[in-house]
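See below for the structure under consideration.
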Amino acid sequence: MHLRERTGDSTYEGTFIAHWLHKLLYFEVPLWVFVVVYTLFALAVVYSWLKFRPRGFRSNTQIF
């Protein structure tokens, strides 16, 4: 960062890894993108629940 600053280039706060992790995890997109993604995920969960029904627990299973 010091060398970038000396050449007049743009700098950022924090460490290299923290900077890029922040860019990777906290990206900016319009709100409607999140709504669409969350809705599609919820529909996939409901579909998988209906397509592959979970079996109930058996009460008389042996552990040992």
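Here the straight-line distance linking atom NE2 of His22 with atom CD of Glu13 works out to 12.0 Å at 0.5 Å rounding. Taken from CD1 in Ile17 to CG in Leu24, the straight-line distance is 12.5 Å, to the nearest 0.5 Å.
Results of the side-chain contact (heavy atoms from CB on, under 4.5 Å) test with Val35 over Thr39, Val37, Val33 single out Thr39 as the only residue that passes.
Leu31 and Val29 are assigned to two separate hydrophobic clusters, defined by single-linkage of ILVMFWY side chains at heavy-atom distances under 4.5 Å. Put simply, Leu43 and Val36 are part of two different groups of oily side chains (I, L, V, M, F, W, Y) that touch within less than 4.5 Å, one to the next. Connection of Phe52 to Leu50 is not established within any shared hydrophobic cluster, with ILVMFWY side chains joined at heavy-atom distances below 4.5 Å, either directly or through further cluster members. Tyr12 and Leu3 are assigned to two separate hydrophobic clusters, defined by single-linkage of ILVMFWY side chains at heavy-atom distances under 4.5 Å.
More than 12 heavy atoms of other residues, nucleotides or ligands sit less than 6.0 Å from atom CZ of Phe34. More than 12 heavy atoms of other shown residues, nucleotides or ligands fall within 6.0 angstrom of atom CG in Leu40.
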